[in-house]
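For reference, the structure is listed below as structure tokens.
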Amino acid sequence: MSRPDGDRAPRLFGRPVPPRTVAWLTVVWLLLWGELSVANVLGGLLAALAVVWLLPLPARKPALRIHPARLLVFLAVFAADLVISSARVAFWALRFGTVPPMEIVEVRLRTSSEVMAVLTVVALSALPGSLVLEARLADGELILHVLGLTGDVQGRTREDVAKLEARIVAAFGTTADREELR
Amino acid sequence: MNALDVAATVCLLLGAALAFVAGVGMVRFPATLARMHAATKPQVLSLHLVLLAMWLHRPTWATAGPLLLAAVFQVITAAVAAYMVGRAAYRGGGPEDGTAIPAGEPRA
């Protein structure tokens, strides 16, 4: 995963065919068929090659390194977060007679990697109670709409985002990304 | 009815209850931005619960694949949709619920 995908990728009829993308598309194909057989693998490879060749993507720098143990930690904490924040939003939705507390919070990310920032935005957006309104990735600045939190909303949200970012970088970050957060 | 069926039923009912609460939130919450929380998020957990119920109903590798893909793409697309609508609501005049907008926002 250390070389630019697409830059030095093998070429087929004059177009780059990044092996990692082909592998991922083949896996998706196999998952959809739900059966591991020679015909499915070959069919998946053919379909993946056709897709990659017909719809080339711009080459991107390698920016993702999956650390399996920390990925499990991230997924476990994310699942717990999902349950807790869903319960929080459900509580406010069912609490008749009151308007849920909301606040706009500006958060600064510490990572300079665009991939890490995008993953953080996706994770934040999937959690109920936090809505990303604006992501200025160039400055690493996020504007969030927070629903259902009371007390020190600004401080708590900043702390939560910092922790989420740290878990994401630990699970997906390259060595350089990890150094940045030390 | 064995234990798996019971677990599947519980997941299915929980998922349906969450989807219902999301609907209640849609009606009750004031302003676009608050409604976005109800409109985009509970489906992530409720759909995952329903997918889990489907898998518990028929726990094989063959059914796990498509369900897993649906779960992953649900997280990604819900996040993008929430961001697009939230951003549009934020830029188009700001939140109408009286929450403070940071000075100089929104920037074009």
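Just so we're on the same page: letters track the sequence lines, and every chain starts at 1. The model shown is predicted, which means the values in this text are computed figures rather than measured ones.
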So which heavy atom on Ala93(A) is nearest to which on Gly25(B), and how close?
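Heavy atoms only, the tightest pair is CB-CA, 3.8 Å.
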| Test log, rule side chain to side chain contact (heavy atoms under 4.5 Å, CB included), inputs Trp61(B) and Leu31(A) | CA-CA 9 Å; Trp61(B) 283 107; Leu31(A) 284 176; over 6 Å; no
Applying a strict 4.5 Å limit to non-hydrogen atoms, the region of Ala82(B) in contact with chain A is both
The interface call for Tyr83(B) against chain A, heavy-atom contacts under 4.5 Å, is both
Would you give the length of the straight line joining atom [atom1] of [X] to atom [atom2] of [Y], rounded to the nearest 0.5 angstrom?
X         : Y         : atom1 : atom2 : value
Phe20(B)  : Leu94(A)  : CZ    : CG    : 7.5 Å
Ser86(A)  : Leu49(B)  : OG    : CG    : 8.5 Å
Met102(A) : His37(B)  : CE    : NE2   : 8.0 Å
Leu45(B)  : Asp81(A)  : CG    : CG    : 11.5 Å
Arg87(B)  : Leu133(A) : CZ    : CG    : 10.5 Å

Best-contacting candidate, Val27(A), Val105(A), Leu32(A), Val121(A), against chain B by heavy atom pairs under 4.5 angstrom:
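Most pairs with chain B among the choices: Leu32(A).
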* Do you know which of Leu147(A), Leu30(A), Leu36(A), Val122(A) has the most heavy-atom pairs under 4.5 Å to chain B? ->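 Counting heavy-atom pairs under 4.5 Å, the top option is Leu147(A).
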With a 4.5 Å cut-off on side-chain heavy-atom distances among I, L, V, M, F, W and Y, is there a chain of contacts connecting [X] to [Y]?
X         : Y         : answer
Val132(A) : Val153(A) : yes
Trp29(A)  : Leu25(A)  : no
Val115(A) : Val75(B)  : yes
Leu46(A)  : Trp53(A)  : no

Tell me, for [X] versus chain B, whether the close heavy atoms (under 4.5 Å) come from the side chain, the backbone, both or neither.
X         : answer
Val83(A)  : both
Ala135(A) : both
Val28(A)  : both

Margin query: Is it true that, when you exclude His67(A) itself, more than 12 heavy atoms of the residues, nucleotides or ligands shown sit nearer than 6.0 Å to its NE2?
Written below: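 More than 12 heavy atoms, drawn from other residues, nucleotides or ligands, come within 6.0 Å of this atom.
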